[in-house]
Structure formats: structure tokens, C-alpha cells
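Read the structure below first, then the notes.
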Amino acid sequence: MTESTEKMTGARALIECLYREGVDTIFGYPGGVLLPIYDELYDADIRHILVRHEQAAAHAAEGYARATGKTGVCIATSGPGATNLVTGIANAYMDSIPMVVFTGQVPSSLLGNDAFQEANITGITMPITKHNYLVQDANELPKVIKEAFHIASTGRQGPVLIDLPKDITVQEIDFYYPDKVDLRGYKPTYQGNLQQVKRAASAIKESKNPVIYAGGGVISSNASKELLDLAEKIKAPVTTTLTGMGGFPVEHELFLGMPGMHGAKYANYAIQESDLLIAVGARFDDRVTGKLKAFASNAKIIHIDIDPAEISKNVKVDIPIVGDAKWILQKLLKYTESAQSEKWLDRIAHWKKVHPLHYVEPATGDGIKPQYIIEQITEACKDAIIVTEVGQHQMWAAQYFRFSEPRTFITSGGLGTMGYGFPASIGAKIARPDKVVFDIAGDGSFQMNSQELATAVQENVPVIVAVFNNGYLGMVRQWQELFHNRRYSATCIQNSVDFVKLAEAYGALGLRATKRSEVRPVIEEAIASGRPTVIDFVVEEEENVSPMVPAGAAINEILDLERKE
Amino acid sequence: MRHTLAVLVENKYGVLSRVSGMFSRRGYNIDSLTVGVTDDPTISRMTIVVMGDDEVLEQVTKQLNKLIDVIRVTDLKSEESVERELALIKVNSDVTNRSEIMQIADIFRARIIDVASKSMIIEVTGDDGKITAIEQLLKPFGIKEMVRTGKVALRRGQKSS
């Protein structure tokens, strides 16, 4: 197919490329070298969300991508604008989220000259992008953008950065957008090897105690239906990792909860006692496996993953199948036979009964347990999108929210980025205005990007920030309590800010709950308000995330830490 | 164990740092790395010698393949390929020992490519063992400077993969 060419500047071409990629929203912050691009954006048919710190642009683009499956797009200026994106890019890279990142750059003639606001952002982001480009000729720009969207959204997804020297954006070109990408060094495998699928099917047939361990790959490949079908067909219990949460309905009888450090005891017991572990789009992260040598040591391991480099990276795999999870699960469904493993499911039911996830309600008074808030949010709005920051509240959200569909849990998994949740929730809400979006936050994490209240108010993005205010950097405090004799070095942040007033200062709604009986009403009020809202939940100060596998222990050596009153 | 990898890459700026960055980031050690353009000017060929067991080799190969600019990675097993390295050795010499050095060079089929009043430069090509051997023999005369190219290798027979 040939297209008639048209003369235009690089900046205009950029907008044309975004149209062709179906981009409707970008998150960004302008700057000197971006002036030609922002001038084009001024009347482009693309919504530009002005953030208050570039880091938030990257996180918001990621939240948008995770809520929809589309590629998120963000833009920042050269130098500090670009370096401020770095944390967000690294986060997307660790969690394999499709993102295209544009950065301004000083004019080509000044490159390498230590010019004003120059930073070598392609060099800086080399290890945290799937690929990156420094555009040297505007004529290449359409091809580069086409490739970037292709690379970001195919295979194992991830962020791709395009660095744009200013002169490129004003250079006139004959615009032509290629309709195909041909990269000889990049041919991701989608269809798994059928022989391997058949081997997996017979291993499933021989297995008495199978466990499915599903990760974020199930979400990226939109394979949750196939996962459910397979689990039901072979009667295998399913544990989903932090990033896989939502990939399997929490209320399903085969659901095991999350595995690993703060997983459910019964999930860890099931993995350790399994004779076959079917890993789907998961990467045997250290937070999941605990002591590697003792992990699922009696199990044969099937590993389904789109990235060949993940196979046998951490755990020796018996039956690797490289390809798209959805495709492979469909084929597995075809070749497996229905199975009944009643004895095994009975054992699991027993573990669930004896070792449920639980917490102890305060015996006296009307104090708020953080887990209770998650339960109340679930009851108030079961189909909400839950975004989190990083820390104790994140674990409680993963443990206690009753997810029923994919792309409703958005959290920083691999990198563990405090300050991620609030901007990501803005991105998610913009992508899914039909959904109620909560940012489950700690009082520490929220303060890392609370300036984005201005963005939420200006752009009228009614997300609800639920601050679990315990006056501590809670997860670190928990480790200090357990392993450093309660010496709370630099983790006490009591009374640092009045979150209600902070919200009001930005023109958002500020609410507070200090008693258990106030929890549900403020949640309802926030949902009904339709405004960006911060709820200050004053919670029990020293509540611990329980259970917990101490670092370096096997995952069945899991301890109860609940605080008895 | 030492492995020799032939890595075909796009002949573009920044590719060398993508490759070397991957090695350092993941903690793999490069013994030597050579790079040059191939008969196709859009493709460069790197010869990378890396230390490690089979698992390391597998991860290195997979991680290299993940780089968009890497086109193909081939493990060149020594029994199936020819390997060469070139070294230039500037050794102290004067009229008293010049012929002795020339004899050593002759044994190794090395060439004298520069002669000055107090030194000469020897060019030698071969595998690692040969270069190390001539280096040892020349050491007593005093090696003033030495440079090695690092290994290049090709698979024997008709095609390279």
C-alpha cells in the first residue's frame, strides 16, 4: 500500500504518527526544546495531560497502559525533564508494560557539548528500556515511531524511548508512514512448540498435585479466560503473583491467593507440596520463591513465557514453552484431559480452613485496622480499579481485595516504586472513566507524588486516594521491628501533613476517618462526590503485614505476625 | 570455560555500548571483544570471548538475542571453527641479538614489520597458545609494548550457522 506523501515538519509528523497509532492521550510536561511539538499539540486532536512532575507523566502513562492494554505515551523535555522520567521508565521495564516515551533533546549541532539542559538520555535509559532511539534525521522519524510502538507492544512488552533533538522537530520532511515493520533482529515467538505443549499435557495427566502459578504475563496476553478454563478443566488450584492479581477471580474455589513473602500460607504450602508447577507468564521472582533451592523442590516445572531469557533463569525448568500465554493455554486446553484431583483439593481446602488470611480486630475502642478498609472498599465497589503505592498497604490490598477481572489491579511489582500509585491512578481513571479508581496509599508513598493533586483537579480526574495513615514508613518499620529490635531509624513520619487540608489546598475533596464506624461512610461519600478525593484513614500504627516469609527462608517457613490486642 | 560467540549486529551507533552494557549489567565477564563490518555494510560482526559455564552461556546468548539490534548469535565451538588473533610486539633489540629474535619470529611464522636501532616490531598471528608462546620467548629480551587484537573466529565449512 502506498500513501501519498505530504510535506511537513518533524513536530507535525510526530502528531500524524500518534494519530496513526491510535493515541488519544499523552502525559507530559513542556520545555524549551519541545516548543515546536507543544505548538502542534495545541490544536491536535490528542488529550495532553499536564502533570506537575515528569515522573508522574511516566507513571500515569503506565497506569493508562495497564488499565487498557494499549501503549501508554508520555513526553518530557531534555535534561532534567528526561532524567525525571527515569524511575517511571524503569518501573515499566520491570513490569513489562508497553510504553512509548518521547524526550526532547538539544539540537544535533550541540549534542555532546554539555549544552544547557543536555543529558544523554539514550545512554542513561539503555538498561531500562526494551529499546531506544536517538533520531538523527527527521526523515527517519515516522519509521522510528512505527518501530517503537511495534517493539513496545509486542513480544515481552516494555518501554521504548525516542530522543528528539530540537532541529529534528523543525526539519521539513516528506511524510510517509510505513504500514509494516521489518526488524531482522526482532521476531518474537507467539506460537509455542506443539511438541512441548503435548509434553506438558501428559505431565498434567500424570500429576496428582498440580498448581498453576500465574503472573503478569496472563494479564498482558489477555489470557485470563483461558487460564480459568484450564484450571477448571484440570482442577488445578491457581495462585497469582502481585502483578498477576485480577487474572483469576479471587472468589473462585480454585483460587489460592498470592504466593511468596506475604502470600497466603495455603498458596505457599500448595506450591511446596505440588508435584507439578505450571508457571504461566511469571518469572520466579525472589519475593515469590524465597529460598530458591527449597522452592517447589518435588515438582516438575512447566514454564510458559514469551521471553526465552526467563526460562531457567532462576529455577531449572523441565518443560519450557516459549510463546504467547493465550495461544499456549488454548492449545493446552485442547490437548489436556479433564481431571479430578479431589484428594489434593481436599488438602488445600483444609489448609485454607486452618490457615486463612486473617487479622485481629482491636479488642477495645474504635480503632481502624487497615485490612478492614480494603474489605470495606471491596464491599462498596467490587469492580473498582485498585491502584497502589508501595509498602504495607500494597500487600493488604493484594491480600484482601476481591478482584474479579483483569486490569483492575495496578501496582508497582518489580521495581517497588513509592509514589507510583497516585499518578498511575490518574492514568487509569483517564483510560477508564467508567470505573471507580482508588489509589491505596501509605502516608509515606503518597507524599512522594502528592503534587499531582493539581493535575487531578485541573484535568478533573476523580480518583480517590485512600491514605493509610499510620505515621510510619510502615514496611520498613515492620522489618525494623522484626530484625532490628524495634529501633525505628528514620521511619517515623508522624504529623507530617494534614492530608485533608492538603487536598483542600489543591481544590480536591479531603475526608478523614479516625474510627472504624466512619470507614464505610467516607468511602461512600468519596465515591458519590465525583471529585478528586483524599481520604485520611488514621489507622493502627504498628499493624504488621502477615503472614511473612523471612528473607532467605523457604516459603513454607511462613510466620504469623498479627498483633494480638 | 571459555566460549567464543559470533554476534551479528546492526551496523549502527550505540550498538557496542548496548552489548557491552548488557554484559556488565548482568555481571558477565568479557575476555575479549572485537568488532568490524561484514561483507554487508549494514551488518557488523562481533567476536566475543566470554568465561562461564553452560548456564552462563545460555543466559548470555538469550540476553544478546533480546537486544533489538542483535541479528544472530552463534556459539563457535573450537573444534568446529578456526580462530585467530593478531599481536604486535615491540621488543628490545640491537645488533647483538637481532638475528636471534628473527629466528624466533621465523619459527612462529611471525613477521618483522619494523626495525629500529634499539627495537623491532614483530607481527604474529595465531591462536591464543601460539601468541602466548612467542610472548614468553621474547620476554627475556624485554618487551617494550605489546597489543593484541582479541580473537576472531569463523565456523568451518560452508555457512556460518
Side-chain angles (χ1 to χ4, degrees), chain A residues 90 93-94 96 108 111-112 120-137 140 143-144 147-152 154-163 181-189 283 303 305-317 320 322, chain B residues 1 3 5-30 33 35 37-48 50 52-75 159-161:
Chain A
Y93 185 69
M94 285 287 265
S96 308
S108 307
L111 267 176
N120 173 12
I121 198 64
T122 47
I124 290 168
T125 59
M126 215 170 258
I128 53 164
T129 49
K130 190 170 168 188
H131 195 54
N132 63 23
Y133 295 89
L134 169 63
V135 181
Q136 289 168 312
D137 177 353
E140 290 173 9
K143 179 169 168 278
V144 164
E147 285 179 7
F149 275 89
H150 175 74
I151 292 168
T154 55
R156 180 176 180 171
Q157 300 174 331
V160 178
L161 180 140
I162 302 173
D163 200 19
V181 172
D182 183 30
L183 291 159
R184 53 189 167 184
Y186 178 70
K187 308 265 186 243
T189 307
R283 59 184 178 91
H303 191 183
D305 206 289
I306 197 150
D307 180 1
E310 286 301 336
I311 305 291
S312 295
K313 186 180 84 176
N314 297 334
V315 169
K316 187 97 188 85
V317 170
V322 173
Chain B
M1 214 185 127
H3 300 276
L5 298 176
V7 185
L8 295 183
V9 300
E10 297 288 346
N11 184 12
K12 286 183 190 162
Y13 79 96
V15 177
L16 180 60
S17 78
R18 285 180 206 280
V19 169
S20 62
M22 189 282 288
F23 275 84
S24 64
R25 176 162 76 97
R26 298 204 176 256
Y28 307 129
N29 219 345
I30 298 178
L33 188 155
V35 57
V37 71
T38 63
D39 53 320
D40 176 345
T42 67
I43 296 177
S44 293
R45 180 172 171 127
M46 294 183 180
T47 309
I48 303 176
V50 59
D53 55 21
D54 287 350
E55 276 166 37
V56 168
L57 178 73
E58 185 183 331
Q59 264 299 311
V60 166
T61 307
K62 286 172 169 177
Q63 294 296 345
L64 280 170
N65 273 315
K66 270 177 85 163
L67 299 174
I68 309 289
D69 287 335
V70 168
I71 301 164
R72 193 170 62 218
V73 183
T74 315
D75 177 17
K159 50 181 185 176
S160 63
S161 70

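Within every chain, numbering begins at 1; the chains are lettered A, B, ... in the order of the sequence lines, protein sequences first and strands thereafter. Quick caveat, the model's predicted, so the values are computed rather than measured.
Ranked by non-hydrogen atom pairs under 4.5 Å with chain A, the options B/Lys66, B/Arg18, B/Arg25, B/Glu10 are led by B/Arg18. In terms of heavy-atom pairs under 4.5 angstrom with chain A, the leader among B/Thr61, B/Ile71, B/Asp69, B/Ile68 is B/Ile68. Between chain B and the options A/Lys187, A/Arg156, A/Glu147, A/Gln136, heavy-atom pairs under 4.5 Å are most frequent for A/Gln136.
Of the two parts of A/Leu134, the backbone and the side chain both hold a non-hydrogen atom closer than 4.5 Å to a non-hydrogen atom of chain B. With a threshold of 4.5 angstrom between heavy atoms, A/Asp307 approaches chain B through side-chain atoms but not through N, CA, C or O. Interface remark: B/Ser24 contributes no atoms to any contact with chain A (heavy atom separation under 4.5 Å).
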For side chain to side chain contact (heavy atoms under 4.5 Å, CB included), just list the numbers for B/Met22 and A/Met126, CA-CA rounded to whole Å, side-chain angles, deciding distance to a tenth of an Å, and then say yes or no. CA-CA 9 Å; B/Met22 189 282 288; A/Met126 215 170 258; over 6 Å; no

For B/Leu8 and A/Arg184, run side chain to side chain contact (heavy atoms under 4.5 Å, CB included): C-alpha distance rounded to whole Å, both residues' side-chain angles, the deciding distance at 0.1 Å, then the answer. CA-CA 11 Å; B/Leu8 295 183; A/Arg184 53 189 167 184; over 6 Å; no

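B/Lys62 places a side-chain N or O within donor-acceptor distance of the main-chain N or O of A/Ile311, the cut-off being under 3.5 Å.
Expressed to the nearest 0.5 Å, how far NZ of A/Lys313 lies from CD of B/Glu55 amounts to 13.5 Å.
The shortest non-hydrogen separation linking B/Tyr13 to A/Tyr133 is OH-C, 4.1 Å.
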